[in-house]
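Please read the structure below before turning to the comments.
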Amino acid sequence: MKVSIALLLVSSIVFGQTKNKINTENKQSKSVTVYTTSPESDLKIAKTNQELFKPAGQPLETQLCVFVHPTKKNQTFLGIGGAITDASAEVFAALPKDKQEELLNAYFDKEKGIGYTIIRTNINSCDFGSDSYTYIEEGDKDLKTFSIEHDRAFKIPMIKKAMAKADKTTFYASPWSPPAFMKDTKNMLKGGKLLPEYYQSWANYYVKFVQEYEKEGIPVWGLTIQNEPMATQTWESCIYTAEEERDFLKKYLGPTLHKNGLKNLKITVWDHNRDLLTQRATTMLDDAEAAKYVWGIGFHWYESWSGGNPMFENVAKVHQMYPDKNLLFTEGCVEKFNAENYQLWANGQRYGRSMIHDFNNGTVGWTDWNILLDQNGGPNHVGNFCFSPIHGDLATGELIYTPSYYFIGHFSKFIKPGAKNITNSVSRSQLIATTFQNPNGEFVTIVMNESDKELTYFLNNNNQASELKIPAKAIQTLIY
């Protein structure tokens with residue numbers, strides 16, 4: 001009996017020592033997996049290396065560091081995606097079947113592609129499409145002729161295929177203009193305003209759209225009230241002051257959606273640039289009757305084309321003022337299409353820079369503009385040709401992947417819906433970074449090198465650090 005007890009004690013001690021050794025080894029062997037996209041190589045979201053974390057002391061002044069603060073959790077991540085416009089769907093339908101499948105995988109398959117989970121589309125026509133249209137006959141105030149038959153040709157089939165390819169999608173829609181007869185200009189194009197006598201009819205229009213799309217098996221998560229409500233464009237556009245948008249929401253759209261059993265729809269206001277973001281937000285959200293219908297504030301990036309500051313600080317200010325409301329990037333693209341610039345690295349960098357700063361300032365989701373355009377940057381019925389992350393060359397039947405696709409993929413492929421943004425910081429301005437913690441506990445840090453030199457830096461998390469290298473002008477995703 002004594003021998004047995006002694007053996008058990010020895011066995012227990014040995015097992016305990018072995019277990020402690022294994023735990024120590026596991027703790028020491030925790031590593032970071034690095035995925036890199038670089039302009040100086042063929043690396044495109046490529047797994048480049050895996051480095052160990054080691055105990056970290058006080059960093060030196062001369063060290064370049066990315067500090068992750070794991071207990072400082074911020075907004076919950078909704079997703080990343082793009083818009084399936086008429087233009088995208090028309091080009092998609094003209095591609096060979098194998099290229100259609102490739103495109104769907106490239107965007108919506110989380111293993112073969114970059115795992116998009118958000119889809120936006122247009123209500124009535126926008127500039128990106130071959131024609132201008134509405135869902136009713138001109139003058140039909142009561143919407144008796146309402147039909148989405150136009151969308152069944154191209155848009156709806158592509159949206160359904162995208163949703164089938166993705167695990168789960170968040171789908172929302174935005175109008176560019178009411179029908180011409182509802183506006184003071186009697187024209188869907190070139191701005192104009194919704195006439196007050198048609199406010200209720202226009203509110204009913206949103207309800208009809210949602211109901212008809214859901215009959216098609218496309219669940220609608222949300223709506224924005226108006227795309228770019230302060231821009232008089234050559235294409236479909238409609239102007240609302242902040243007060244007009246507020247009053248349309250609280251007196252017409254909000255109550256109408258609730259009355260028709262659609263109170264769970266997420267309503268996003270503004271849907272325009274960062275420049276006037278704070279003014280629109282305060283006008284809408286300081287009014288309790290309007291604010292109760294608002295899920296979030298949407299914004300675009302086009303103000304930065306003026307040569308000024310992209311105004312990321314306005315996103316942060318709205319987040320600080322209204323932490324209970326959500327910030328959603330609803331549109332951005334590289335304008336002024338030129339086929340010679342398909343592989344212009346700066347286009348991709350613009351995406352990476354915007355996404356990092358927007359997420360660090362409280363944004364929950366990020367929606368690119370057209371997911372697919374042709375070799376001319378269209379079709380666009382007013383000649384406003386632009387870039388998309390992937391182009392379909394209808395002359396050759398081939399897909400053209402641009403740097404923007406890979407930059408977006410460094411976020412969308414690795415950050416999962418439900419992730420928490422984690423506060424991070426960098427010690428030198430050559431790097432910018434953002435961090436999330438996925439629902440499974442893993443951390444995802446995206447790092448961009450803004451300099452034209454390879455840099456050595458330390459990823460510092462919870463007193464553990466890993467020494468890493470990033471090529472010039474590259475973007476990396478770090479998983480740990």
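The heavy-atom pair separating Lys413 from Gly113 by the smallest distance is NZ-O, 2.8 Å. The heavy-atom pair separating Phe128 from Asn384 by the smallest distance is CZ-O, 3.2 Å. When every heavy atom of Lys183 is checked against every heavy atom of Ser177, the shortest pair comes out as NZ-OG, 3.0 Å. Heavy-atom minimum distance, Leu431 versus Val426: O-CG2, 3.3 Å. Between Ala106 and Ile390 the shortest heavy-atom distance is CB-CD1, 4.1 Å.
Judged by distance alone, the side chain of Gln320 and the main-chain N or O of Lys317 form no donor-acceptor pair under 3.5 Å. Between the Lys215 side chain and the Val210 main chain, no donor and acceptor come within less than 3.5 Å of each other. A distance-only check finds no donor-acceptor pair linking the side chain of Asn376 to the backbone of Phe385 [under 3.5 Å]. Under a 3.5 Å cut-off, the side chain of Tyr240 and the backbone N or O of Arg246 do not form any donor-acceptor pair. Between the side chain of Thr367 and the backbone N or O of Glu331 there is no donor-acceptor pair closer than 3.5 Å. Panel note: side chain Gln200, backbone Leu253; no donor-acceptor pair is recorded below 3.5 Å. In this structure a side-chain-to-backbone donor-acceptor pair under 3.5 Å is present from Asp184 to Lys193. In this structure, the side chain of Ser237 engages the main chain of Trp235 through a donor-acceptor pair within 3.5 Å. One N or O on the side chain of Thr145 and one on the backbone of Glu137 form a donor-acceptor pair closer than 3.5 Å.
For the pair Tyr342 and Pro403, the minimum side-chain heavy-atom distance is 4.5 Å or more. Side chains of Phe92 and Lys161 form a contact here, defined as non-hydrogen atoms less than 4.5 Å apart. The closest side-chain heavy-atom distance from Arg274 to Glu313 is not below 4.5 Å. Using a 4.5 Å cut-off on side-chain heavy atoms (C-beta onward), Leu394 and Leu95 make contact. Side-chain contact check for Ile118 versus Ile80: every heavy-atom pair is 4.5 Å or farther apart. Side chains of Asn438 and Val444 form a contact here, defined as non-hydrogen atoms less than 4.5 Å apart. Counting only heavy atoms from C-beta outward, the side chains of Asp86 and His150 approach each other to under 4.5 Å. Annotation: side chain of Tyr351 is in contact with side chain of Trp301 (closest heavy-atom distance under 4.5 Å).
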Can Thr363 and Asn421 be said to form a side chain to side chain contact (heavy atoms under 4.5 Å, CB included), step by step?
-> CA-CA 9 Å; Thr363 300; Asn421 179 265; over 6 Å; no
Any chance you could lay out the side-chain hydrogen bond (donor to acceptor under 3.5 Å, both in side chains) test for Asn360 and Thr434, step after step, and finish with the verdict?
-> CA-CA 6 Å; Asn360 285 346; Thr434 192; 2.7 Å; yes
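A cation-pi geometry, defined here as NZ or CZ lying under 6.0 Å from the six-membered ring centre and within 45° of its normal, holds between Lys141 and Tyr198.
Between the side chains of Gln226 and Glu245, not a single donor N or O lies within less than 3.5 Å of an accepting N or O. Side-chain contact check for Asn124 and Tyr205: at least one donor-acceptor pair (N or O, by modelled atom type) lies under 3.5 Å. Asn370 and Ser388 are not linked by any side-chain donor-acceptor pair at a separation below 3.5 angstrom, with hydrogens and angles left out of the test. Checked by atom type, the side-chain pair Asn187/Thr185 shows no donor-acceptor distance below 3.5 Å. Using modelled atom types and a 3.5 Å distance limit, the side chains of Thr330 and Arg120 yield no donor-acceptor pair. Under the 3.5 Å distance criterion, with hydrogens and angles disregarded, a donor-acceptor pair is assigned to the side chains of Ser132 and Glu236. A donor-acceptor contact closer than 3.5 angstrom is absent between the side chains of Asp127 and His381. Side-chain contact annotation: Tyr213 with Asp151, donor-acceptor N/O pair under 3.5 Å present. Side-chain contact check for Thr278 and Asn314: no donor-acceptor pair (N or O, by modelled atom type) lies under 3.5 Å. Checking Tyr322 against Thr282 by side-chain atom types alone, no donor-acceptor pair falls below 3.5 Å. Side-chain contact of Trp366 with Asp358: a donor-acceptor pair under 3.5 Å is present, judged by distance alone. Side-chain contact check for Asn347 and Asn341: no donor-acceptor pair (N or O, by modelled atom type) lies under 3.5 Å.
Between Tyr35 and Phe414, the ring planes lie tilted relative to each other; the angle falls in the 30° to 60° range. Using a 30° and 60° split on the angle between ring planes, Phe411 and Phe359 fall in the tilted class, from 30° to 60°. Using a 30° and 60° split on the angle between ring planes, Phe248 and Tyr199 fall in the perpendicular class, above 60°. Taking the six-membered ring where the residue is Trp, Tyr116 and Tyr107 present tilted rings, their angle falling between 30° and 60°. The aromatic rings of His300 and Tyr302 stand perpendicular to each other, their planes meeting at an angle above 60°, with 30° marking the opposite boundary. Classification of the His272-Trp270 ring pair by plane angle, with boundaries at 30° and 60°, yields tilted. Ring geometry for Phe146 against Tyr135 counts as tilted: the plane angle lies between 30° and 60°, on a 0 to 90° scale.
Ion pairing between a basic and an acidic side chain is recognised when a charged N comes within 4.0 Å of a carboxylate O; Arg353 and Glu450 show such pairing. One finds no salt bridge joining Glu289 and Lys251 here, because no Lys/Arg side-chain nitrogen approaches an Asp/Glu carboxylate oxygen to under 4.0 Å. Checked for salt-bridge contact, Arg152 and Glu216 meet the test: a charged N lies under 4.0 Å from a carboxylate O. Between Lys99 and Glu102, at least one side-chain nitrogen of the basic residue sits less than 4.0 Å from a carboxylate oxygen of the acidic one, meeting the salt-bridge criterion. The existence of a salt bridge linking Lys155 and Glu90 is excluded, since no basic side-chain nitrogen approaches an acidic carboxylate oxygen closer than 4.0 Å. Asp452 and Lys473 are not joined by a salt bridge, as no carboxylate oxygen comes within less than 4.0 angstrom of a charged side-chain nitrogen.
The one candidate from Ile422, Thr423, Thr435 that meets the side-chain contact (heavy atoms from CB on, under 4.5 Å) condition with Lys72 is Thr423.
Looking at residues two or more places apart in sequence or on another chain, you find a side-chain hydrogen bond (donor to acceptor under 3.5 Å, both in side chains) between Thr76 and Lys420. When the side-chain contact (heavy atoms from CB on, under 4.5 Å) test is applied to Asp42, no partner is found at least two apart in sequence or on another chain.
Residues Tyr405 and His391 keep their aromatic ring centres 6.0 Å or farther apart. Aromatic rings of Trp369 and Phe387 (six-membered ring for Trp) have centroids beyond the 6.0 Å cut-off, not under it.
Counting heavy-atom neighbours within 6.0 Å of Lys190 NZ, excluding the residue itself, gives a total of 12 or less.
In this structure, the separation between CG on Asn204 and CG on Asp142 is 9.0 Å, given to the nearest 0.5 Å.
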Do any side-chain atoms of residues 257-269 form donor-acceptor pairs under 3.5 angstrom with protein atoms, and if so which ones, sequence neighbours left out?
from: Asn260; atom 1: ND2; to: Thr256; atom 2: O; distance (Å): 2.8
from: Lys266; atom 1: NZ; to: Asn264; atom 2: O; distance (Å): 3.1

